[in-house]
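The next block holds one structure in the form of structure tokens; read it before the comments.
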2 protein chains.
Amino acid sequence: MSDSGTALLGDAPALPERVALLLRERILSGGLRPGTFLRPDRLAVDLGVSPTPVREALQALRADDMVRALPRRGFVVAPLDRGDVADLFAVQAHLTGELAARAAGALDAGGLAGLQGLAAEVDALIEEPGGEDLALAGAEHRFHAALNRAAGARKLAWLVGRAAHYLPPRFYTDRRAWRTATVDAHRRLLAALAAGDADTARAAMEAHVLDGRDLLVAHLEAVGFWGADEH
Amino acid sequence: MSDSGTALLGDAPALPERVALLLRERILSGGLRPGTFLRPDRLAVDLGVSPTPVREALQALRADDMVRALPRRGFVVAPLDRGDVADLFAVQAHLTGELAARAAGALDAGGLAGLQGLAAEVDALIEEPGGEDLALAGAEHRFHAALNRAAGARKLAWLVGRAAHYLPPRFYTDRRAWRTATVDAHRRLLAALAAGDADTARAAMEAHVLDGRDLLVAHLEAVGFWGADEH
DNA sequence: GTTGACGATATCCTATGGGATTTGTCGCGA
DNA sequence: TCGCGACAAATCCCATAGGATATCGTCAAC
């Protein structure tokens, strides 16, 4: 907090959101293990920001159930076991599948063309091996957002977005397996949407989400997230 | 900011949470219609608190998708139509039912006795016609929380808690129909739990949640929440 | 009538400080 | 020696003030 304010962060979106993103990554990277205590004021000085945006970021993490508030005592990183991840992605797959199925029934020609364009952007970025992770993640996000908008179910899309915070970009964008699986999933999904086949769209989307789950689980295993559990 | 700080609020839980509760009630009561703009600083002076807890409360509402943030322009009350409510409670019923089913399989004698005790507290408060709404809502909450704990699915319980913010206490505790339906639902649920009958427990709980949905819908109709929609 | 720039307003964040509560330690008594 | 109560330190929670930046309304110019 000596010289220039934001020290180790970029400066594109709002500050609380960037802090929340950083904390989410630290938690899922194993840097902050479940049970770790977080002191807001200390975090603020460590990150080089003031307490206000840190407070807000911790509130956001609390809404994701990634930290829990201990009144007058700070925050703790919430527990997360294999069962939790399984539950989370089971719901995620179900809801995302439902959204895809609804989109299949509600999509007009223009909407379909728009989705195809977004999918093409994603595919193009996937093909580039040295591509920007952030650009790829952004394109993927826009694709899903457009699909959800087409489905016309705001609250379902909201729930999906909540749970999606458990799968940050850098845990999948650089995985070769995910890249190949994704182009295939998008292809099958778009074919189903074009045909208005809700059931196939649902199935393709569910499979896509479960691919993401497998990636996250593999990552968590790799970093030893579960610690000394009974394996 | 003139004299004593907290002017029109109680003082039991944390301040941001109380502000969030108050805003949630205002929105679902029709006082703040979807599309209404909210200015954080103005809200702060109107409520007689500082901008800091208001910021945090609005962040919490944003996590519930009850308001949306417009960067540098404040917040808007999020849209909510009949389809949204239907979706929300369909998911809520499914997840709550799942939790009940798991509890049926995982409950030991002590846990069952504890739940029966909590249910008895709820029933006692329901019988008292002039009973305290807050006490009843608190007892009901503890009952469901204990059940969710017994089910051992943290993330499912978390998702249920998010969506539950759409059903504030005062929209159901004073409804006679809800009171009679609730004692019956609890009785059937406890019987199923005692017998370890997961399917019956699930069905009873789903019906219980859908009762709550019907109450909310009736309330929203009564206050003219939907406004000039095509009915 | 449309476009451009200017000033007012409000948000977002920083910085600081006080009040209240919890934690940790010490001393006392059993 | 062990349990218990009180004091001190640390920390959170919230209030307040102030500055940097983006948006909106207005007005002049083309």
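These numbers were taken from a predicted model, which means no experiment stands behind them. A note on names: the letters A, B, ... follow the listed sequences, proteins ahead of strands, and every chain is numbered from 1. Reckoned from all heavy atoms, side chains included, excluding hydrogens, waters and symmetry mates.
Straight-line distance from the CD atom of B/Glu56 to the P atom of C/dC13: 14 Å, rounded to whole Å. When the C1' atom of C/dT22 is taken as reference, atom CG of A/Leu70 falls 12 Å away, rounded to whole Å. Counting to the nearest Å, the C1' atom of C/dC12 and the CZ atom of B/Arg42 are 18 Å from each other. Atom C1' of nucleotide C/dA10 and atom CZ of B/Phe37 are separated by 14 Å, given to the nearest angstrom. Taking atom CD of A/Glu17 as the reference point, atom C1' of C/dT11 lies 16 Å away to the nearest angstrom. Distance, A/Leu47 CG to C/dC13 C1': 15 Å, rounded to whole Å. Counting to the nearest Å, the C1' atom of C/dG19 and the CG atom of B/Leu15 are 14 Å from each other. Rounded to an integer number of Å, the gap from CG of B/Leu58 to P of C/dA10 is 17 Å.
Comparing C/dC13, C/dT14, C/dT16 against the side chain of A/Pro51 picks out C/dT16 as the nearest. Nearest to the side-chain atoms of B/Ser50 among the listed nucleotides D/dC12, C/dT14, D/dC14 stands D/dC14. When distances run from any side-chain atom of B/Arg72 to the nucleotides D/dT21, C/dT16, D/dC12, the shortest one goes to D/dT21.
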*Would B/Glu140 and B/Arg179 satisfy salt bridge (Lys or Arg N to Asp or Glu O under 4.0 Å), going step by step from the backbone distance to the final call?*
CA-CA 11 Å; B/Glu140 175 77 357; B/Arg179 297 197 172 210; over 6 Å; no
_Could you walk me through whether A/Ile27 and A/Val67 satisfy the side-chain contact (heavy atoms from CB on, under 4.5 Å) test, starting with their C-alpha distance in whole Å, then the side-chain angles of each, then the deciding distance to 0.1 Å, before giving a yes or no?_
CA-CA 9 Å; A/Ile27 290 172; A/Val67 305; 4.2 Å; yes
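The two residues A/Ala153 and A/Leu99 come nearest to each other via the heavy atoms CB-CD2, 3.9 Å.
With A/Lys155 as the partner, the side-chain hydrogen bond (donor to acceptor under 3.5 Å, both in side chains) test is satisfied by one option alone out of B/Asp84, B/Asp81, B/Asp65: B/Asp65.
B/Arg55 has no side-chain polar atom (N or O) that falls below the 4.0 Å cut-off from OP1 or OP2 of C/dT11. For D/dC14, the OP1/OP2 oxygens have no side-chain nitrogen or oxygen of B/Thr52 closer than 4.0 Å. At the phosphate of D/dC24, OP1 or OP2 sits under 4.0 Å from a side-chain N or O atom of B/Arg73.
Side-chain atoms of A/Arg39 and base atoms of D/dT11 include no donor and acceptor less than 3.5 Å apart.
The residue among B/Asp41 and A/Pro53 whose nearest nucleotide of DNA chain C lies closer to the 5′ end is B/Asp41.
A perpendicular orientation is assigned to the rings of B/His186 and B/His144, their planes being inclined by more than 60° (bins at 30° and 60°).
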